[in-house]
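First comes the structure, then the notes that go with it.
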2 protein chains.
Amino acid sequence: MTPDFEAQLRAVSLRVTRPRLAVLSALRDHPHVDTDAVIDLVRADHPTVSHQAVYDVLRALTDAGLIRRIQPAGATARYESRVADNHHHVVCRSCGAIADVECAAGHAPCLTASDDHGFVIDEAEVVYWGVCPDCATSTKPTESASSEGTR
Amino acid sequence: MTPDFEAQLRAVSLRVTRPRLAVLSALRDHPHVDTDAVIDLVRADHPTVSHQAVYDVLRALTDAGLIRRIQPAGATARYESRVADNHHHVVCRSCGAIADVECAAGHAPCLTASDDHGFVIDEAEVVYWGVCPDCATSTKPTESASSEGTR
DNA sequence: ACGACAAACTTGATTCATTCCAGATAAGGG
DNA sequence: CCCTTATCTGGAATGAATCAAGTTTGTCGT
């Protein structure tokens, strides 16, 4: 599948520019990257792109709904291009790694608050906190010599 | 209920100091405040307390489990003293106001991921996004004809 | 009660993600 | 092809949070 980034941009009335195509391409190949990583990825192909351009592009694409911004507590902002469904994320407490988790309900908000305090709720964001497989094995190698793979 | 802050601190092997008692007191009276607000509240009683002391105290109390740190995407860190239950929050997209929402299940994690990718999950954090009653009325001209600016 | 030691605090500088600004460039409708 | 203006470049500024060095103070042992 080769996404037509140009068509995506035109569909939301955004001009088709090299930085924007590069950002979309970077996010397609690298889900859950932070702004700094996006800058590096973009500059691999277009070394002259400024950091401000990447910040502007990420904001424009987020506002347009082409990408999604995720920001786990205590971490810098990350972006992903999966926006069609409203899925959730697992975040590793140790290394910050992020993985996708399917949402039970296919539509937002997937949960209903018991008492909404009069708020008009349009989205329920779920973040699962835990330890990723890599960190689990590397931090506890002493006692779990036998049971390495619990997966 | 009058919490015995001194006993709480001793219970987790933390020294009883004025800045810590002041922070606990401030959080009891003002839920969901950010660090800056805590500094102001503490200095109302103890003007000489440094901002660094407040940062240190907030971290120490958070690590000890006496308070909880919450950080909605795009906002600064906020703290609350309600830690016994694992409840969730509604956040206003417009003004950032936060309200508590009871959790259906009384224990963490209250949700189970459909596919945990091998992660060892210990908590499911839920953030409901929406618009608070105040912002809803001020942006919709249906009912806010004249004076409203109460916040 | 007293002294010692380490935890905790004060002061001040520093980091780092993000935003602001002014001027240059280029996308795309006419 | 030209004009308008959205977008990009380069550089400075903001602000939450952290780091570092030195001083104070809570708590324990005698």
Side-chain angles (χ1 to χ4, degrees), chain A residues 4-26 32-43 45-64 66-67 69-79 96 98, chain B residues 4-26 32-43 45-64 66-67 69-79 96 98:
Chain A
D4 189 346
F5 297 137
E6 189 174 331
Q8 285 186 36
L9 288 171
R10 293 192 194 282
V12 293
S13 309
L14 285 178
R15 290 186 181 174
V16 179
T17 67
R18 236 156 306 225
R20 286 176 177 169
L21 293 174
V23 166
L24 284 172
S25 174
H32 313 137
V33 286
D34 59 26
T35 308
D36 242 32
V38 174
I39 293 175
D40 288 344
L41 288 167
V42 167
R43 283 182 177 161
D45 286 328
H46 309 278
T48 66
V49 173
S50 66
H51 76 122
Q52 184 58 46
V54 175
Y55 272 98
D56 284 347
V57 168
L58 288 173
R59 170 182 296 225
L61 297 182
T62 303
D63 290 346
L66 292 186
I67 63 177
R69 176 192 178 119
I70 52 185
Q71 189 171 10
T76 60
R78 289 158 178 265
Y79 296 86
I98 297 181
Chain B
D4 188 348
F5 298 138
E6 187 176 332
Q8 286 185 33
L9 288 170
R10 294 194 194 283
V12 293
S13 307
L14 286 178
R15 291 188 182 174
V16 179
T17 67
R18 234 155 307 216
R20 287 178 177 168
L21 293 175
V23 166
L24 284 172
S25 173
H32 314 138
V33 286
D34 58 26
T35 308
D36 243 31
V38 174
I39 293 175
D40 289 344
L41 288 167
V42 168
R43 285 183 176 161
D45 286 328
H46 309 278
T48 66
V49 173
S50 66
H51 75 121
Q52 185 59 44
V54 175
Y55 272 98
D56 284 347
V57 168
L58 288 173
R59 172 184 294 228
L61 296 183
T62 302
D63 291 346
L66 292 187
I67 63 176
R69 176 192 178 121
I70 53 185
Q71 188 172 11
T76 60
R78 289 156 177 267
Y79 296 86
I98 297 180

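Values reported hereafter were calculated over all heavy atoms of this structure, with side chains retained and with hydrogens, waters and symmetry mates removed. Protein chains get the first letters and strands the later ones, always in sequence-line order, with residue 1 at the start of each.
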Is any side-chain N or O of [X] closer than 4.0 Å to OP1 or OP2 of [N]?
{"X": "Thr17(B)", "N": "dC9(C)", "value": "yes"}
{"X": "Arg18(A)", "N": "dC8(D)", "value": "no"}
{"X": "Thr35(B)", "N": "dA17(D)", "value": "yes"}
{"X": "Arg20(A)", "N": "dA27(C)", "value": "no"}
{"X": "Arg10(A)", "N": "dG28(C)", "value": "yes"}

Per [X] side chain, nearest of listed nucleotides [options]:
{"X": "Leu14(A)", "options": "dT7(D), dT10(C), dC9(C)", "answer": "dT7(D)"}
{"X": "Ala77(A)", "options": "dT18(C), dG28(C), dT10(C)", "answer": "dT18(C)"}
{"X": "Tyr55(A)", "options": "dT18(D), dT18(C), dC8(D)", "answer": "dT18(C)"}
{"X": "Arg69(A)", "options": "dT18(C), dA17(D), dC8(D)", "answer": "dT18(C)"}

Of all the heavy-atom pairs spanning [X] and [Y], show the shortest one and how long it is.
{"X": "Leu14(B)", "Y": "Arg20(B)", "answer": "CB-NH1, 3.7 Å"}
{"X": "Gln8(B)", "Y": "Leu66(B)", "answer": "O-CD1, 3.9 Å"}
{"X": "Ala22(A)", "Y": "His46(A)", "answer": "CB-CD2, 3.8 Å"}
{"X": "Ala53(B)", "Y": "Val49(B)", "answer": "CB-CG1, 4.0 Å"}
{"X": "Arg15(B)", "Y": "Leu9(B)", "answer": "O-CD1, 4.2 Å"}

Report the residue (Gln52(A) or Asp36(A)) whose heavy-atom-nearest nucleotide on DNA chain C is the more 5′ of the two.
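Looking at DNA chain C, the more 5' nearest nucleotide goes with Asp36(A).
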Could you tell me the separation between the [atom1] atom of [X] and the [atom2] atom of [N], rounded to a whole number of Å?
{"X": "Asp40(B)", "N": "dA16(D)", "atom1": "CG", "atom2": "P", "result": "11 Å"}
{"X": "Leu61(A)", "N": "dT7(D)", "atom1": "CG", "atom2": "P", "result": "10 Å"}
{"X": "Leu58(A)", "N": "dC8(D)", "atom1": "CG", "atom2": "C1'", "result": "14 Å"}
{"X": "Ile39(A)", "N": "dT9(D)", "atom1": "CD1", "atom2": "P", "result": "11 Å"}
{"X": "Asp56(A)", "N": "dA22(C)", "atom1": "CG", "atom2": "P", "result": "15 Å"}
{"X": "His46(B)", "N": "dT25(D)", "atom1": "NE2", "atom2": "C1'", "result": "15 Å"}
{"X": "Phe5(A)", "N": "dA27(C)", "atom1": "CZ", "atom2": "P", "result": "18 Å"}
{"X": "Arg59(A)", "N": "dT18(C)", "atom1": "CZ", "atom2": "P", "result": "11 Å"}

Do Asp56(B) and Gln52(B) pair up side chain to side chain, a donor and an acceptor below 3.5 Å, judged on atom types alone?
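A donor-acceptor contact under 3.5 Å links the two side chains.
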Does Ser50(B) reach a base, just sugar-phosphate, or nothing at all? Heavy atoms under 4.0 Å.
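The answer is base, as Ser50(B) lies within the cut-off (heavy atoms under 4.0 Å) of a base atom.
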Assign His51(B) to base, sugar-phosphate, or nothing according to its heavy-atom contacts below 4.0 angstrom with the strands shown.
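Answer is base: heavy atoms of His51(B) come under 4.0 Å of a base.
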Side-chain donor/acceptor of Arg15(B) to base of dA8(C), under 3.5 Å
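No such pair is found, so the answer is no.
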